[in-house]
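The structure under discussion appears below in the form of structure tokens.
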Amino acid sequence: MYTAIDAKPKSTQRLRRLANIADNPQVSLLVDHYADEWTQLWWVRADGAAAIHTDGAAMHTGYHLLRAKYPQYQSVSLNGPVIAITVHRWSSWHA
């Protein structure tokens, strides 16, 4: 899984998520869906190891894949590091 630091305005480029990964590369990414109708609730979690790439093939691969998937990255530049997550475990729940 890839995510990148883009050119959207930020108060600093020294982002906490980058410091957290540098301190401990074991990460979890959680996506959930809430609905007032509780029978429609669900979540999925990916656990893995994250790496920060500031140059090289992994950074270019991440940029390429993100630009291909999200049209917004045609107008918002990707100018920061890429976070690549190697997923070791998936878990999920639904009502």
Side-chain angles (χ1 to χ4, degrees):
M1 300 177 74
Y2 292 93
T3 186
I5 309 306
D6 59 32
K8 290 187 301 242
K10 297 167 185 57
S11 59
T12 180
Q13 287 284 44
R14 298 182 64 190
L15 302 177
R16 187 72 195 151
R17 72 189 101 152
L18 297 173
N20 288 345
I21 291 168
D23 288 344
N24 181 358
Q26 299 307 308
V27 299
S28 292
L29 180 64
L30 179 72
V31 177
D32 67 347
H33 172 74
Y34 177 81
D36 288 333
E37 175 55 49
W38 285 10
T39 61
Q40 297 177 15
L41 302 177
W42 60 264
W43 59 259
V44 62
R45 188 178 85 189
D47 298 310
I52 301 167
H53 300 278
T54 56
D55 59 19
M59 187 177 90
H60 296 293
T61 297
Y63 281 3
H64 173 75
L65 292 171
L66 290 165
R67 284 188 177 116
K69 182 170 175 80
Y70 299 105
Q72 298 88 332
Y73 284 130
Q74 303 309 314
S75 59
V76 174
S77 71
L78 294 166
N79 66 344
V82 164
I83 300 168
I85 301 170
T86 302
V87 177
H88 299 296
R89 188 180 129 201
W90 291 94
S91 54
S92 63
W93 173 87
H94 64 86

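This structure is a prediction, so every number in the text was calculated from the model and none was measured.
Interatomic distance, Ile85 CD1 to Asp47 CG, rounded to the nearest 0.5 Å: 10.0 Å. One distance of note links CD1 of Ile5 with CG of Leu18; it measures 4.5 Å at 0.5 Å rounding. Between the CZ atom in Arg16 and the CD1 atom in Ile21 there is a gap of 11.5 Å [rounded to 0.5 Å]. Note: Asp36 CG to Leu41 CG = 9.5 Å, rounded to the nearest 0.5 Å. Between Arg17 atom CZ and Ile83 atom CD1 the span is 6.0 Å, to the nearest 0.5 Å.
Every residue meeting the side chain to side chain donor-acceptor pair (under 3.5 Å) condition with Glu37, not counting sequence neighbours, appears here in chain and number order: Thr39. Every residue two or more places apart in sequence or in another chain was checked for a ring pair (Phe, Tyr, Trp, His ring centres under 6.0 Å) with His64, and none qualifies.
Closest of all the heavy-atom pairs between Thr61 and Tyr2 is CG2-OH, 3.7 Å. Closest non-hydrogen pair, Met59 versus Gly80, comes out as SD-O, 4.3 Å. Heavy-atom minimum distance, Leu66 versus Ala4: CD1-CB, 3.7 Å.
A chain of hydrophobic side-chain contacts below 4.5 Å, direct or via other Ile, Leu, Val, Met, Phe, Trp or Tyr residues, connects Tyr34 to Leu30. Taken together through direct or relayed side-chain contacts under 4.5 Å among Ile, Leu, Val, Met, Phe, Trp and Tyr, Val27 and Trp43 form parts of separate hydrophobic clusters. Trp38 and Trp42 fall into different hydrophobic clusters, where Ile, Leu, Val, Met, Phe, Trp and Tyr are joined by side-chain heavy atoms under 4.5 Å apart, directly or via other members.
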Listing, residues 88-95 side-chain donor-acceptor contacts under 3.5 Å, not counting sequence neighbours, or none:
none

